[in-house]
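Below, chain A is the first sequence line, B the second, and so on; all start at residue 1. Note that the structure is predicted; figures quoted are calculated from it, not measured. Excluded from the calculations below are hydrogen atoms, water molecules and symmetry mates; all remaining heavy atoms, backbone and side chain alike, are included.
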Amino acid sequence: MENSEIAAIFEDIAHLLEIRGENPFRVRSYKRAAEAVSSMTVSAEKLVGEDEKSLEEIPGIGKSIHEKIVEIVRTGDCSLKKELLEKFPDGILDLLKISGVGPKKAALFYEKLGIGNVDDLEKAVNEGRLGDVAGLGEKTEINLKRAIAAYRSIQGSSLRYKLSLAMSSVDKYSKHMLSVKSVKRAEFAGSLRRWKETVGDLDMLVESNDHEAALERFVSYGEVAEVVQRGEKKAAVRLKNRLQVDLRVVDKDEFGAALQYFTGSKSHNVALRDRAKRMGFKINEYGVFSEKTGKKVAGADEKGVYEKVGLCWIEPELREDIGEIAAAEKGKLPKLVDVDDIQGDLHMHTTESDGHNSLEQMAEAAIKRGYSYIAITEHSKAVGIAHGLDETRLRKSLKAIDNLNEKLKKKKAKFFVLKGAEVDIRHDGSLDYEEDALGELDCVVAAVHSSFNMPKAEMTERIIRAIESGLVNIIAHPTGRLIGYRPPYEMDMEKVVKAAKTHNVALELNSFPERLDLSDVHCRLAKEHGVPVVISTDAHSEHDFANIVYGVHTARRGWLEKNDVLNARPLVELKKFLAKGG
DNA sequence: GCCGTTTTCGGCCCGACTGTTTTCAGTCG
């Protein structure tokens, strides 16, 4: 039982309670529990039975939720959820995914019209049966029709968008806004600013002394397909690429408070406002206000908002309510790793296997980025589809690297190319090169590329066997997930991390936007166990080096500091680690 | 259902927009 599965059950319970009109704070407790469980670095299943008491130390988990976690782990289901589903069909949860349908409407649909799923709703709308119910008018019917069509069109694909797609829309839209005189600043907030791996929509914030002009500029952007909403202070549009963008227009002295508010996360904001309230302040998107006098005491900049409630400024990537507020209070926030800290890249391909640039071109591009080293890591022979190298071709390519290093040395370039390989971890955990060949390498990156459907215990064994070989330095894309396409393979990450610690192996954080593997949560786990993380790009062309930002920001979401990142170390120290010297 | 620098009981973040209705409920973020 994965943490994400337990979280999903709590999520469902929260929604079902909401539909039943239960105490909204009870509903929130289940939502909060869902978030708490999914951001845990250890598996809840493991804690049950072993260290069960520690469950209640997690904020948001009390006695009742604790008992339900135990029940879910033991039985695979939750009696409360079953009980709730006796009153409603489970298709009712899908109704909530229709934009404009919340718990109240879902309950109304079911009670008055017997609508229990999206198909029923669509039928009712098409037959014009909604008008019979008090409180539902013509406009609602039109909006529902459109919302159902939108729901259908994204079914099967992920509801959220990869961060990289969202990023590609950001710059152009900002420029479009800033080209109007009254718009002084334009920034994107929301999950994009927190660098979440996927985003549901974009939140743009602009400072303007003419709200109407800013709103008009916003909806007249060339990529807009549809204006979803428009008021005096905010508007929302859907772009041609289907991404929704929300705009909020604020005045100069509100910008910081608004930026804080719209960056979220929601649970971070709830915790922050709760804290403010206890201190006699009220925080909203316009500023921080004294509860007593009603006077505004902060709001122009974000830092001021945090300082007013006794905290130092918190990096957006940390704002998930998983301990950052307590850390900020004590001045114990991590000093997060930065893109500029990265000294080199330890995973890339050239035209020898399935890359698009030559060895020399990759080296040159890396030098241009200011790196002091790279490792060339072609595929091994088992990965035939990527023109993996056998031992003979491998040795030939190593010679080319030696030659290049010679040349670089003569030129007095402070740059070194490490001899590496992305060795396939075979089905049985053995490595796809002979030991002799592996011995000639500076940097052995090992990865799983086949048999993704193995049982959890076997996959864990497979990877650990590779780690225990003593021949491996780094495990690449450790879970194999492709965001939106392929789930991670079943594997006990904690066991893998512990084995990595014992055998001086680092774990890769692959920066490809569809991988981001390790995830932020797994980065925290690695850090807790003192296992270094390598932020690599797995570049197949020189352009892919730019993806490093996605890796670094994911690492930042995982609270990693410079010291936690292997390739933030200078070459000498890196070599020491690769020689298993720690 | 959770939680505690007022509290083990009584609170629990806050505001904009829409639609429908004539003062507000529901949804969303």
First encountered from the 5' end of DNA chain B, between A:K105 and A:K139: A:K139
A:R146 atom CZ, over 12 foreign heavy atoms within 6.0 Å: no
Whole-Å gap separating P (B:dT18) and CG (A:L136): 18 Å
side-chain N/O A:S29 vs B:dC2 OP1/OP2, d < 4.0 Å: no
C1' atoms of B:dG1 and B:dT5, separation to the nearest Å: 23 Å
Ring centres under 6.0 angstrom apart (A:Y550, A:F512): no
Geometric cation-pi criterion, A:R185 with A:F255: 6.0 Å, 45°: yes
Spatial distance of atom CD1 (A:I13) from atom CD1 (A:I72) [nearest 0.5 Å]: 6.0 Å
Under 4.0 angstrom between A:T140 side-chain N/O and B:dT20 OP1 or OP2: yes
Sugar-phosphate only, base, or nothing, as touched by A:P24 at under 4.0 Å among non-hydrogen atoms: nothing
A:D517 side chain reached by A:P488 side chain, heavy atoms, under 4.5 Å: no
Main-chain N/O of A:F25 paired with A:N23 side-chain donor or acceptor, under 3.5 Å: yes
Side chain of A:K104 (C-beta onward), nearest among B:dC28, B:dG26, B:dG19: B:dG26
Counter-base of B:dT8, judged by Watson-Crick or G-U geometry with both distances under 3.5 Å: none
B:dC14 and B:dT8, which share atom name P, separated by this distance in whole Å: 23 Å
Short side-chain to backbone donor-acceptor contact, A:E71 and A:S79, under 3.5 Å: yes
A:L130 CG to B:dT20 P, straight-line distance once rounded to whole Å: 11 Å
C1' gap between B:dA25 and B:dT20, integer Å: 10 Å
Nucleotide B:dG1, atom P - distance to CZ of A:R20 in whole Å: 11 Å
Touch class at under 4.0 angstrom, heavy-atom based, for A:G60 against every strand present: sugar-phosphate
Between C1' of B:dG26 and CD1 of A:I19, the distance in whole Å: 14 Å
Options B:dC3, B:dG29, B:dC28, nucleotide nearest the side-chain atoms of A:D203: B:dG29
Separation of B:dC2 C1' from A:K68 NZ (nearest whole Å): 12 Å
Anti/syn call for B:dT7, syn if |chi| within 90°: syn
Span that lies between the P atom of B:dT22 and that of B:dG26, in whole angstrom: 15 Å
5' precedence on DNA chain B between A:R278 and A:P103 (nearest-nucleotide basis): A:R278
Intermediate values then yes/no, side-chain contact (heavy atoms from CB on, under 4.5 Å), A:N269 and A:K266: CA-CA 5 Å; A:N269 285 354; A:K266 192 172 178 169; 5.8 Å; no
Rounded interatomic separation in angstrom, taking CD from A:E56 and C1' from B:dG1: 12 Å
Span that lies between the P atom of B:dT23 and that of B:dC28, in whole angstrom: 25 Å
A:L96 CG to B:dG29 P, straight-line distance once rounded to whole Å: 13 Å
Whole-Å C1' distance, B:dG11 and B:dT6: 12 Å
A:K252 side chain near A:K184 side chain, heavy-atom distance below 4.5 Å: no
Sugar-phosphate only, base, or nothing, as touched by A:E22 at under 4.0 Å among non-hydrogen atoms: nothing
Sugar-phosphate, base or nothing in reach of A:V27, heavy atoms under 4.0 Å: nothing
Annotated protein contacts, base or backbone, on nucleotides 11-17 of chain B with a non-hydrogen cut-off under 4.0 Å, one of B, S, - each: -BBBSSS
Atom pair distance, as rounded to whole Å: NZ in A:K97 and C1' in B:dC28: 18 Å
